[in-house]
Amino acid sequence: MAKNRDNEERTNRLKGIVNNMPELPGSYQFWDKDGVIIYVGKAKSLKRRVSSYLHKEVDRYKTKVLVSKIENITYTVVKTETDALLLENSLIKKYNPRYNVLLKDGKTYPSICITNEPYPRIFKTRQINRKYGQYFGPYSHQGSMNAVLEMIHQTFRLRTCRLPLTEEKVRQGKFKPCLEYHIHNCCGPCIGKLSFEEYNEYIRQAKEILKGNTRELSKTLFEEMQQQAEKMEYEKAEETKQRYIQVNNYCAKSEVVSHTVNNVDVFSVVNDDQAQLAFINYMHVTNGNINQAFTFEYKKKLDENDEELLSLAIPEIRERFHSEAKEIVVPKEMEWDIPGAEWTVPQKGDKHHLLQLSLLNGKQYKLDRLKRSEKLNPEQKQTRLMKELQQALGMEKMPYHIECFDNSNISGTDAVAGCVVFKGLKPARKEYRKYNIKTVVGPDDYASMQEVVRRRYSRMIDEGSPLPDLIITDGGKGQMEVVRQVVEDELNLNIPIAGLAKDGHHRTNELLFGFPPVVVGVKTKSELFHTLTGIQDEVHRYAITFHRDKRSKHALHSALDEIEGVGKKSAEALLHKFKSVKRIREATLEQLTEVIGQHRAGLIYAQLHKEQEQ
């Protein structure tokens with residue numbers, strides 16, 4: 001019994017971790033009770049993939065055993081599915097988890113090598129030996145790697161032969177061109193058709209492509225093409241143009257693996273000033289692979305800055321993981337030293353990408369922690385969102401009490417409106433109000449909105465009820481202006497007014513505020529924007545439901561009013577019971593009798609079925 005209870009607690013705890021995981025690509029790790037990694041996996045969406053282990057019954061026996069041994073789950077976020085695959089590969093080799101398929105042949109993903117020869121060659125390989133050249137990759141898909149190689153060879157027509165070319169031997173004419181030169185696949189450096197300097201400039205440009213730095217190269221090629229055209233060297237300009245097109249069509253590069261980075265520690269800091277916390281992410285890179293990635297939480301005591309936090313964390317973390325890396329990548333210059341190691345503050349390139357990836361994981365950890373704390377204390381989430389809204393709108397007071405209005409009618413008939421009230425971003429349903437439009441004739445949304453707002457706040461003033469901190473209109477600048485005319489000009493009230501405007505596809509895409517209204521910089525995918533559109537959806541649902549009920553009543557009365565002996569009370573009783581005229585027509589005589597008696601039921605049953613037959 002106790003064992004089942006412990007297993008249930010373990011499963012609930014793991015589900016809590018999974019519920020906070022992001023819908024992003026990455027690698028996840030399962031840990032057992034002894035703190036050992038027993039499985040490493042990859043995912044296009046971390047949350048969906050890991051939840052599949054816990055939220056559904058698995059069929060395979062081995063997987064059931066694996067799930068039963070999981071005590072903790074960690075993960076590392078990356079930017080692409082390819083990076084997730086490469087990270088998984090490096091972590092499996094590092095930890096050799098029990099439940100992963102063993103890589104018995106030690107097979108690795110292929111890379112691209114540029115040799116150290118005077119006239120370098122570029123080719124694919126699985127063997128990494130830095131004595132022979134510089135390596136780029138690895139590439140998880142051979143197709144993409146072959147496409148890069150083909151593009152480089154088509155663009156620069158570099159040599160593929162193994163001749164021991166040197167500048168002196170070429171000058172002495174010791175080589176003869178091969179078939180590749182004659183079929184225009186090689187630029188002929190062996191016979192001096194391309195100078196030593198020109199050939200190595202091509203190699204430099206090829207390296208920039210493999211590094212992913214195509215923007216500068218593209219700009220250089222364009223300028224070179226323009227200069228050649230001005231000099232009327234049209235054949236050269238055409239060749240440069242083709243290289244320019246090829247470079248612009250190529251974009252590549254993994255950010256989690258790079259053979260240009262070896263034995264490096266990477267640290268980044270993410271602060272949570274509200275909770276007086278700092279999250280320091282640590283990554284260790286060996287042989288171009290990230291093989292360790294953890295985020296640590298530090299409690300601030302004296303408002304320490306980033307450098308002070310790193311001075312505390314870096315020695316402690318390096319000692320914990322027995323790191324002897326000679327290079328430490330950090331986000332800012334350090335005024336203190338670590339014996340045997342140097343600081344690097346990268347501005348671009350592979351190390352800069354690693355620093356950005358470390359920062360991404362630190363931010364994700366902060367978000368996960370916030371979600372966990374808000375689940376334990378839901379009020380904390382609402383307060384945070386209200387403060388975000390207050391800051392976004394520049395309000396003096398936090399908008400605790402929010403009201404939103406919406407109209408509903410069909411060609412001006414049965415015109416109604418609804419007002420929903422949210423307090424602490426939670427619906428206060430007892431304070432919702434429905435309004436029948438009384439003074440407006442025809443479909444005039446602006447006039448209807450003014451009538452409802454006038455009635456709403458005039459009554460609240462008369463009753464001495466507390467006024468809202470913020471009014472939200474279901475519409476753009478026009479709706480905001482007509483509401484402002486009533487609230488400020490007529491009633492002399494100082495209530496902030498915001499609007500939720502829609503795009504051409506009737507999707508809400510902007511938050512407006514102020515007079516004249518301006519767009520507030522709130523991302524449409526943010527939690528705050530989703531909360532506001534949730535208020536908008538609620539008032540729309542409320543107004544539409546009221547309008548539908550009113551139409552149903554009218555439809556029912558129009559169908560029953562002509563029946564002699566049936567009054568208003570009978571019609572309303574039938575509506576309350578059956579909800580629509582269609583259901584009344586489908587009801588049996590006995591069912592009608594239970595509601596309004598035998599005599600009236602007989603009259604209605606006969607009349608409705610007579611109409612149906614006709």
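Quantities reported herein were computed from a predicted structural model and do not represent experimental measurements. Numbering starts at 1 and runs along the sequence shown.
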| task | For the pair Asn361 (side chain) and Val77 (backbone), establish whether a donor and an acceptor sit closer than 3.5 Å, ignoring hydrogens and angles. | result | yes
| said: Within the 3.5 Å criterion, strictly below it, is a donor on Tyr446 or Gln485 matched to an acceptor on the partner's side chain? | reply: no
| Heavy-atom neighbours of Lys47 NZ exceed 12 at 6.0 Å | yes
| request: Report the C-alpha distance between Ile471 and Met480 in whole Å, list the side-chain angles of each, state the deciding distance to 0.1 Å, and finish with yes or no for side-chain contact (heavy atoms from CB on, under 4.5 Å). | output: CA-CA 9 Å; Ile471 297 172; Met480 292 175 67; over 6 Å; no
| Taking all atoms of both residues into account, what is the closest heavy-atom pair of Glu403 and Cys419, and its distance? | OE1-SG, 3.9 Å
| query | If you measure only the distance, is there a donor-acceptor pair under 3.5 Å linking the side chains of Tyr432 and Glu538? | reply | yes
| Is any side-chain heavy atom of Glu307 less than 4.5 Å from a side-chain heavy atom of Met334? | yes
| If you round to the nearest 0.5 Å, how far is CD1 of Ile73 from OH of Tyr28? | 9.5 Å
| task | Hey, could you give me the CD/OG1 distance between Glu594 and Thr588, rounded to the nearest 0.5 Å? | result | 7.5 Å
| query | Is the shortest distance from a Lys or Arg side-chain nitrogen in Arg455 or Glu451 to a carboxylate oxygen in the other one below 4.0 Å? | reply | yes
| Glu510 side-chain N/O to Ala501 backbone N/O, donor-acceptor pair under 3.5 Å | no
| Are the side chain of Ser268 and the backbone N or O of Ser358 linked by a donor-acceptor pair below 3.5 Å? | yes
| query | Does Arg484 count as lying over the ring of Phe515, i.e. NZ or CZ under 6.0 Å from the six-ring centre, within 45 degrees of the axis? | reply | yes
| field | Any Ser27 side-chain heavy atom under 4.5 Å of Val78 side chain | value | no
| query | What are the two closest heavy atoms between Lys15 and Leu54, and how far apart are they? | reply | CE-O, 3.5 Å
| query | Can you list the steps and then say if Lys502 with Asp474 is a side-chain contact (heavy atoms from CB on, under 4.5 Å)? | reply | CA-CA 9 Å; Lys502 296 180 174 64; Asp474 179 28; 3.0 Å; yes
| Do other residues, nucleotides or ligands put more than 12 heavy atoms under 6.0 Å from the CD atom of Gln598? | no
| Hey, are the side chains of Met283 and Thr76 touching, using non-hydrogen atoms and a 4.5 Å cut-off? | yes
| query | Side chains of Asn271 and Asp306: do they bring a donor and an acceptor to under 3.5 Å? | reply | yes
| field | Name of the residue among Asp537, Thr533, Leu532 meeting side-chain contact (heavy atoms from CB on, under 4.5 Å) with Thr508 | value | Thr533
| said: Quick one, Leu493 and Ile461 - any side-chain contact, counting heavy atoms below 4.5 Å? | reply: yes
| Is Leu277 close to Glu297 at the side-chain level, that is, under 4.5 Å between some pair of heavy atoms? | yes
| request: Mind listing the closest non-hydrogen atom pair of Phe513 and Leu393 along with its distance? | output: CE2-O, 3.2 Å
| request: Show the numbers, then the answer: is there a side-chain contact (heavy atoms from CB on, under 4.5 Å) between Asn72 and Ile17? | output: CA-CA 9 Å; Asn72 192 22; Ile17 295 173; 3.6 Å; yes
| Pairwise side-chain contact, Leu425 with Ile402, heavy-atom cut-off 4.5 Å (strictly under) | yes
| Reported CG-to-CG distance for the pair Leu14 and Asn19, which is rounded to 0.5 angstrom | 11.0 Å
| Of all heavy-atom pairs between Leu309 and Ala278, which one has the smallest distance, and what is that distance? | CD1-CB, 3.5 Å
| query | Do Thr295 and Ile280 come within less than 4.5 Å of each other through their side chains, counting heavy atoms only? | reply | no
| request: May I ask you to check whether over 12 heavy atoms, not counting those of Glu396, lie within 6.0 Å of atom CD? | output: no
| Side-chain ion pair, Arg459 and Glu463, N-O less than 4.0 Å | yes
| request: Report, as yes or no, whether the 6.0 Å neighbourhood of atom OH on Tyr400 holds more than 12 heavy atoms from other residues, nucleotides or ligands. | output: no
| query | So, are Asp469 and Lys423 salt-bridged, with charged N and O less than 4.0 Å apart? | reply | no
| message | Just verifying a value: how many Å separate Leu470 CG and Met395 CE, rounded to the nearest 0.5 Å? | response | 5.0 Å
| query | For residues Ser51 and Arg48, is any side-chain donor paired with an opposing acceptor at under 3.5 Å? | reply | no
| task | Under the side-chain contact (heavy atoms from CB on, under 4.5 Å) rule, what do Val483 and Met449 come out as? Steps first, then yes or no, please. | result | CA-CA 7 Å; Val483 172; Met449 179 64 70; 3.7 Å; yes
| What is the distance from atom CG of Asn20 to atom CG of Leu46, rounded to the nearest 0.5 Å? | 13.0 Å
| request: Measure across Tyr542 and Arg433 and return the closest heavy-atom pair with its distance rounded to 0.1 Å. | output: CE2-O, 3.3 Å
| Between atom CD of Glu308 and atom CG of Leu312, what is the distance when rounded to the nearest 0.5 Å? | 10.0 Å
| task | Decide if atom CG of Asn12 counts as having more than 12 heavy atoms of other residues, nucleotides or ligands within a radius under 6.0 Å. | result | yes
| field | Val416 versus Ala543, closest heavy-atom pair with distance | value | CG2-O, 3.9 Å
| How about Asn281 and Tyr365: do any of their side-chain heavy atoms sit closer than 4.5 Å? | no
